[in-house]
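Below is one structure; the comments refer to it alone.
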Amino acid sequence: QVQLVESGGGLVQAGGSLRLSCAASRYTSSRYTMAWFRQTPGKDREFVAGIRWNGDKTYSLDSVKGRFTISRDNAKKTVYLQMNSLKPEDTAVYYCAADAGALVATTPDRYAFWGQGIQVTVSS
């Protein structure tokens with residue numbers, strides 16, 4: 001199974017920024033589609049952003065609102081999520097996901113591999 005490990009979360013004041021990283025195992029294909037989801041208690045896991053192996057990006061229109069940027073470094077097998085202008089509503093556990101599919105999917109059932117999640121808390 002592909003192994004994904006998130007880092008970079010924590011507590012930040014509203015209006016601040018965080019950069020999440022997701023490091024994949026050595027044998028993870030550089031052609032895997034990667035994505036970020038987030039989840040709060042009692043809620044379904046929500047798509048945030050995704051990126052294809054060639055760099056094509058897809059963002060959630062409602063939740064992200066132009067504040068987040070996804071990127072990847074295939075040589076380092078790492079995907080990033082730069083989060084700016086953070087709001088308390090962004091507080092959630094953020095998950096990195098990967099799949100062999102060539103296209104970015106926006107539902108969690110389309111992704112075969114998941115990290116353990118990392119907490120992001122935005123204070124007001």
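Note: hydrogens, waters and symmetry copies are ignored here, and every other heavy atom, side chains too, is used.
- Scanning for side-chain hydrogen bond (donor to acceptor under 3.5 Å, both in side chains) contacts around T91 gives an empty result, with sequence neighbours left out.
- Here salt bridge (Lys or Arg N to Asp or Glu O under 4.0 Å) pairs that include residues 15-42, with residues two or more places apart or in two chains, are R38-E46, R38-D90.
- Listed by first and then second residue, the side-chain hydrogen bond (donor to acceptor under 3.5 Å, both in side chains) pairs involving residues 5-14 amount to none (not counting sequence neighbours).
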Intermediate values then yes/no, side-chain contact (heavy atoms from CB on, under 4.5 Å), F113 and Y32: CA-CA 10 Å; F113 309 109; Y32 275 28; 3.6 Å; yes
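- Annotation: side-chain hydrogen bond (donor to acceptor under 3.5 Å, both in side chains) contacts of S85 (sequence neighbours excluded): none.
- To the nearest 0.5 Å, atom CG of residue L18 and atom CZ of residue F68 are 9.0 Å apart.
- The closest side-chain heavy-atom distance from S25 to V2 is below 4.5 Å.
- By the ring pair (Phe, Tyr, Trp, His ring centres under 6.0 Å) test, F37 is found to be paired with F47, Y111, W114, residues two or more places apart in sequence or in another chain being considered.
- Linking Ile, Leu, Val, Met, Phe, Trp and Tyr residues whenever their side-chain heavy atoms come within less than 4.5 Å leaves Y95 and V79 in two separate clusters.
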Please list, one pair per line, the donor and acceptor atoms closer than 3.5 Å that link side chains of residues 97-106 to other protein atoms, with sequence neighbours excluded.
{"from": "D99", "atom 1": "OD1", "to": "A112", "atom 2": "N", "distance (Å)": "3.1"}
{"from": "D99", "atom 1": "OD2", "to": "G101", "atom 2": "N", "distance (Å)": "3.0"}

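- Listed by first and then second residue, the disulfide bond (SG atoms under 2.5 Å apart) pairs involving residues 27-72 amount to none (not counting sequence neighbours).
- Considering only residues two or more places apart in sequence or on other chains, D73 meets the side-chain hydrogen bond (donor to acceptor under 3.5 Å, both in side chains) condition with none of them.
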Exercise answer: donor-acceptor pairs, residues 116-124 side-chain atoms, under 3.5 Å, sequence neighbours excluded:
{"from": "Q119", "atom 1": "NE2", "to": "A92", "atom 2": "O", "distance (Å)": "3.4"}
{"from": "Q119", "atom 1": "NE2", "to": "T121", "atom 2": "OG1", "distance (Å)": "3.3"}

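- Taking a 6.0 Å sphere around CZ of R110, one finds it holds 12 or fewer heavy atoms contributed by other residues, nucleotides or ligands.
- With rounding to the nearest 0.5 Å, the separation of OH in Y59 from CH2 in W36 is 13.0 Å.
- Minimum heavy-atom separation, N84 to S17: OD1-OG, 2.9 Å.
- In this structure the side chain of S30 never reaches within 4.5 angstrom of the side chain of W53, judged on heavy atoms.
- Placement of L20 and V64 within a single hydrophobic cluster is found when ILVMFWY residues are connected by side-chain heavy-atom separations under 4.5 Å, directly or transitively.
- For N54, the side-chain contact (heavy atoms from CB on, under 4.5 Å) partners are R52, D56, not counting sequence neighbours.
- When the side chains of ILVMFWY residues are joined at heavy-atom separations under 4.5 Å, either directly or via intervening members, V12 and V48 end up in a single hydrophobic cluster.
- The two residues A49 and L81 come nearest to each other via the heavy atoms CB-CD1, 4.3 Å.
- For M34 against I70, the heavy-atom pair with the smallest separation is O-CD1, 4.3 Å.
- Each disulfide bond (SG atoms under 2.5 Å apart) pair with one or both residues in residues 16-124, not counting sequence neighbours, appears once here: C22-C96.
- The OG1 atom of T33 lies 9.5 Å from the CD1 atom of I51; values are rounded to the nearest 0.5 Å.
- Residues that satisfy the side-chain hydrogen bond (donor to acceptor under 3.5 Å, both in side chains) test with Q39, not counting sequence neighbours, are R45.
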